[in-house]
Amino acid sequence: MKKIILLSFITLITYANDNIINPKNCEIVKLSKFTTLVSCNKLDYIVQTKEARRDDEDNVKKIIVLTQKESKIILSEGN
């Protein structure tokens with residue numbers, strides 16, 4: 001019984017180390033002053049920003065998700 005508990009504990013620690021404790025490896029590439037490319041796993045995100053006129057105004061203009069087959073706008077300034 002102790003061996004099963006010990007094995008379960010070791011398995012849980014290994015799983016947590018791979019998925020919870022270690023952050024995802026993402027690359028961030030600044031393409032221009034207002035455009036950034038973020039690449040995580042198999043998805044790429046293009047984040048377009050604008051200059052905010054006020055401090056309480058959001059500066060994100062558009063977020064586009066890129067996959068191998070398609071691109072989709074998930075956030076747009078009009079939404």
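The closest side-chain heavy-atom distance from T36 to I46 is not below 4.5 Å. With contacts defined as side-chain heavy-atom distances shorter than 4.5 Å, the pair V38/E27 does not qualify.
If you take CG on N59 and CZ on F34, they are separated by 9.0 Å, rounding to the nearest 0.5 Å. Expressed to the nearest 0.5 Å, how far CD of Q48 lies from CG of L37 amounts to 11.5 Å. Going from atom CG of L43 over to atom CG of L66 covers 9.0 Å, rounded to the nearest 0.5 Å.
Heavy-atom neighbours of K33 NZ from other residues, nucleotides or ligands within 6.0 Å: at or below the threshold of 12.
Among the candidates I63, V65, I64, the single residue satisfying the side-chain contact (heavy atoms from CB on, under 4.5 Å) test with L75 is I63.
Side-chain contact of D44 with S39: a donor-acceptor pair under 3.5 Å is present, judged by distance alone.
The side chain to side chain donor-acceptor pair (under 3.5 Å) search around T35 returns S32, not counting sequence neighbours.
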